[in-house]
Every structure is written in C-alpha cells, then in structure tokens.
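Everything on this sheet refers to the single structure shown next.
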Amino acid sequence: MGHGKRRNLAALAHLAAPALVGWYLMMPPDSAKIPHSVEQSAPLSRWSIVATFDSSEKCEAALTDLQNKNRDPVELDTTGKLRRFQKRQPPDPALGTARAIGSGCVASDDFRLKGSKATKRED
C-alpha cells in the first residue's frame, strides 16, 4: 500500500472515531427570591451536575425515575458535594419537587457548558 493511501486511511479512521460524549443529569439553582422554587431560566453554568451517564438513554431513564418518584435530585449525589452547598435548613419537599421537575439531561459537550461554573460530581 502506498504512502498516500495509508495517510488517507488514517484520516478516515480519525473521522470515523466516535465522539466520546457523556451526559449530565443537572438541576437548576434554588431561587433566591421565591421560596420552594428553582431558577429554571438560569444559565447552565449555574446549574449543578447531579450525576453522569454514558448515554442519553440512561440519563433520561434516571430523570424519569426521579420525577416519577418525586425525589429531590440531591439524593442522587453520592459525593455529598451538593448537600454541602445547601443551606443548613430543614428538608423542603416542595423545593425537592421543583428541583426534580426542573432537572434535565445535558450532553457533556454542550456549548452552553463552556467555561461552566457548574458543580461537577466526580465518580
């Protein structure tokens, strides 16, 4: 095989390599103005990463389960980092529901996360 053909195959192999995109289950920040609610319109850079997944299907399944069982997304954070960011206050079921309803799945390469200050969970 000639040198040019090898270079072309290498270029094709590079293009065919799948992009490694993970998925984040993210929740919006708590509202500073309205009790028991979240700021769904806040930029993604202010949202918190609750959990990571290797496919959108797994993320969406976790999100659906979270919303169907009316669970606070903070419960999924196994590192405890999100709990430490919360103010020391009694549990707020209404806020947990608002967090669950407002949560969503976001691709790790989403342009809105560039320069993100989102709270990331480490596995």
Side-chain angles (χ1 to χ4, degrees):
M1 183 179 306
H3 184 67
K5 286 185 180 180
R6 268 190 242 143
R7 190 176 328 152
N8 288 340
L9 286 176
L12 287 175
H14 174 68
L15 290 175
L20 298 177
V21 176
W23 289 84
Y24 298 138
L25 175 58
M26 299 184 74
M27 69 178 197
D30 298 350
S31 174
K33 298 177 182 178
I34 304 169
H36 318 294
S37 64
V38 294
E39 294 182 36
Q40 277 187 272
S41 61
L44 279 181
S45 62
R46 293 191 42 226
W47 287 43
S48 296
I49 297 171
V50 177
T52 58
F53 300 90
D54 59 6
S55 72
S56 63
E57 292 81 13
K58 289 179 182 177
C59 185
E60 291 293 339
L63 178 61
T64 299
D65 184 59
L66 178 82
Q67 292 173 337
N68 286 342
K69 293 181 179 174
N70 201 28
R71 293 176 52 205
D72 189 332
V74 171
E75 294 176 22
L76 297 179
D77 177 38
T78 58
T79 66
K81 288 181 180 181
L82 294 177
R83 287 187 192 102
R84 287 193 294 273
F85 286 122
Q86 291 180 307
K87 297 175 184 168
R88 296 183 188 261
Q89 57 187 4
D92 185 344
L95 179 58
T97 298
R99 287 174 177 158
I101 292 169
S103 293
C105 292
V106 179
S108 62
D109 66 348
D110 190 303
F111 74 93
R112 297 171 295 172
L113 294 173
K114 298 293 182 206
S116 175
K117 295 178 184 174
T119 305
K120 293 188 180 182
R121 177 182 163 230
E122 296 175 10
D123 288 326

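Position 1 is the first residue of the sequence; numbering continues from there.
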**Message:** Could you work out, with salt bridge (Lys or Arg N to Asp or Glu O under 4.0 Å) as the rule, every residue matching Glu75, not counting sequence neighbours?
**Reply:** Arg71

**Item:** Nearest non-hydrogen partners of Ala107 and Leu113, listed with the distance
**Value:** O-CD1, 3.6 Å

**Prompt:** How many angstroms lie between OG in Ser108 and OH in Tyr24, if you round to the nearest 0.5 Å?
**Reply:** 5.0 Å

**Gln40: side-chain contact (heavy atoms from CB on, under 4.5 Å) partners, not counting sequence neighbours** = Pro28, Val38

**Item:** Rounded distance [0.5 Å steps], CG in Leu25 versus CD in Glu60
**Value:** 9.0 Å

**Request:** Sequence neighbours left out, what passes side-chain hydrogen bond (donor to acceptor under 3.5 Å, both in side chains) with Thr97? Give chain and number order.
**Result:** Asn70

**Request:** Identify the two heavy atoms, one from His36 and one from Asp92, that lie closest to each other, and give their separation to 0.1 Å.
**Result:** ND1-OD2, 2.8 Å

**Item:** Contacts of type side-chain contact (heavy atoms from CB on, under 4.5 Å), residue Ser31, not counting sequence neighbours
**Value:** Lys33, Ile34, Ser37, Glu39

**Fill in**
On a heavy-atom basis, the closest approach of Leu63 and Ala100 is CD1-O, 4.3 Å

**Fill in**
Sorted by chain and residue number, the side-chain contact (heavy atoms from CB on, under 4.5 Å) partners of Ala61 (sequence neighbours excluded) come out as none

**Item:** Shortest non-hydrogen separation from Trp23 to Ser55 and the atoms involved
**Value:** CD1-C, 3.4 Å

**Message:** Filter on disulfide (SG to SG under 2.5 Å), then keep only pairs touching residues 22-57, sequence neighbours left out; what's left?
**Reply:** none

**Asked** Quick one: CE on Met26 to CD1 on Ile49, what's the gap to the nearest 0.5 Å?
**Response** 4.5 Å

**Non-neighbouring partners of Lys69 that pass side-chain hydrogen bond (donor to acceptor under 3.5 Å, both in side chains), sequence neighbours left out** = Asp65

**Spacing of CG belonging to Leu66 relative to CZ belonging to Arg99, to within rounding of 0.5 Å** = 11.0 Å

**Hydrophobic cluster identity match, Met27 and Phe53, side-chain contacts under 4.5 Å** = yes

